[in-house]
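Encoded as structure tokens, the structure appears first; notes follow it.
Below, all heavy atoms of this structure are taken into account, side chains as well, without hydrogens, waters or symmetry copies. Quick note on labels: first sequence line is chain A, next is B, and so on, each numbered from 1.
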Protein chains: 2
Amino acid sequence: MLINELSKRTGLSAHTIRFYEKSGLIEGKQNETVKSNNYYHYDEVTVEKLEFIHDAKSVGFTIKEIGLMIDAWYNQKYSKAQKLEILDEKLISLDQKLKEIKEMKKQILHFKGDVLNDRC
Amino acid sequence: MLINELSKRTGLSAHTIRFYEKSGLIEGKQNETVKSNNYYHYDEVTVEKLEFIHDAKSVGFTIKEIGLMIDAWYNQKYSKAQKLEILDEKLISLDQKLKEIKEMKKQILHFKGDVLNDRC
DNA sequence: TACAACATTAGAGCATAGTCTATGGTTGAC
DNA sequence: GTCAACCATAGACTATGCTCTAATGTTGTA
């Protein structure tokens, strides 16, 4: 599919998709046999990746971190051990985030208690 | 205390503290009786606020959102009902974050499974 | 009184993550 | 063949959240 369809499928703007491509998160392929244009073609895996990017961004991962995770899964860039190390590191940071969010909930619930009882 | 001590107490640089002050998150007081300088003095509540700011930032809240929460707790700017609304909204967004992080954990565990079983 | 260690303000600079504009070429339905 | 709807690239612009520099003034100890 071309970028417009990819944009519709993922809900991301073509600009944003190109930004992710420049950042090395995804990669389209140009058709070598067609010489009249230089359009990029994207596959289903790219749709998957963009969905993953969207979700990973919303939990606070940076472009760099997301790139690393994508490489750990879709690429042959790293050894099996390296891939597992990258993914385990991210799992640890997610557990840390879970802990921090639960703490923050407690803190806000405490604020709420103070408001409810006119202590502030 | 002066900004240097506040910096040491909180682990935040004086620059960052001044940035938060300009952003309206905290407020120091100048001593009106001393006319030879314009040094700002900070109290224990400011230490508390900066600790809260640090924690709130690490769970992904923006400066604007943090300002709103601080106002909902330390200020008389909003009515009781408004304060509760602000805090409840943040609690909901934290629950959303919890959900998203758990989903992301599942996704990464799935990646790990694929790596372990040489499926990628 | 010298001087290190502090304080202030204004504003420049930087990284991240987009977002938009300009320019120019291509495709496909009519 | 025309024209709307697409495509590509380069680069400018924006928002957020710092981070640093410069210039200048104050404090307190030796």
_CZ-CG distance between Phe111(A) and Leu91(B), expressed to the nearest 0.5 angstrom_ =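 It is 11.0 Å, given to the nearest 0.5 Å.
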*Hey, what do you get for NZ (Lys102(B)) to NZ (Lys97(B)), rounding to the nearest 0.5 Å?*
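Lys102(B) atom NZ to Lys97(B) atom NZ measures 14.5 Å (nearest 0.5 Å).
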Over how many whole Å does the gap from [X] atom [atom1] to [N] atom [atom2] extend?
| X | N | atom1 | atom2 | answer |
| --- | --- | --- | --- | --- |
| Glu5(A) | dC6(D) | CD | P | 12 Å |
| Leu50(A) | dA17(C) | CG | C1' | 15 Å |
| Leu12(A) | dC20(C) | CG | C1' | 16 Å |

*Check whether any side-chain N or O of Tyr40(A) sits under 4.0 Å from OP1 or OP2 of dT9(D), and answer yes or no.*
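For dT9(D), OP1 or OP2 has a side-chain N or O of Tyr40(A) closer than 4.0 Å.
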_Is Arg18(A) close enough to dT9(D) that one of its side-chain N or O atoms is under 4.0 Å from OP1 or OP2 there?_
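No, because none of the side-chain N or O atoms of Arg18(A) sits under 4.0 Å from OP1 or OP2 of dT9(D).
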*asked:* Of the listed nucleotides (dG11(D), dC20(D), dC6(C)), which one gets closest to any side-chain atom of Lys22(A)?
replied: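 Closest nucleotide among those given: dG11(D).
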*Nucleotide of dC6(C), dT19(D), dC6(D) approaching Thr16(B) most closely (side-chain heavy atoms)*: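 Comparing dC6(C), dT19(D), dC6(D) against the side chain of Thr16(B), the answer is dT19(D).
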Heteroatom pairs (N/O) under 3.5 angstrom, protein to nucleotides 12-17 of chain D:
{"unit_1": "dG17(D)", "atom_1": "OP1", "unit_2": "Ile63(B)", "atom_2": "N", "d": "3.1"}

Taking only nitrogen or oxygen atoms into account, show me every contact under 3.5 Å that the protein makes with nucleotides 27-30 of chain C, one pair per line with its distance.
{"unit_1": "dT27(C)", "atom_1": "OP1", "unit_2": "Ser36(A)", "atom_2": "OG", "d": "2.6"}
{"unit_1": "dT27(C)", "atom_1": "OP1", "unit_2": "Asn37(A)", "atom_2": "ND2", "d": "2.8"}
{"unit_1": "dT27(C)", "atom_1": "OP2", "unit_2": "Ser36(A)", "atom_2": "OG", "d": "3.2"}

*asked:* Between the side chains of Glu44(B) and Arg9(B), is the shortest nitrogen-to-carboxylate-oxygen separation below 4.0 Å, so that they form an ion pair?
replied: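 Yes, charged N to carboxylate O under 4.0 Å.
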_Carboxylate-amine/guanidinium contact Lys106(B) Glu103(B), below 4.0 Å_ =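 Salt bridge present between Lys106(B) and Glu103(B).
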*Look at the side chain of His15(B) and the base of dC20(D), then say whether one donor and one acceptor between them are separated by less than 3.5 Å.*
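Between dC20(D) and His15(B), which were checked side chain against base, a qualifying N/O pair under 3.5 Å is present.
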*Ignoring hydrogens and angles, state whether a donor on the side chain of Ser58(B) or Asp55(B) is under 3.5 Å from an acceptor on the partner side chain.*
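No, Asp55(B) and Ser58(B) have no side-chain donor paired with an acceptor closer than 3.5 Å.
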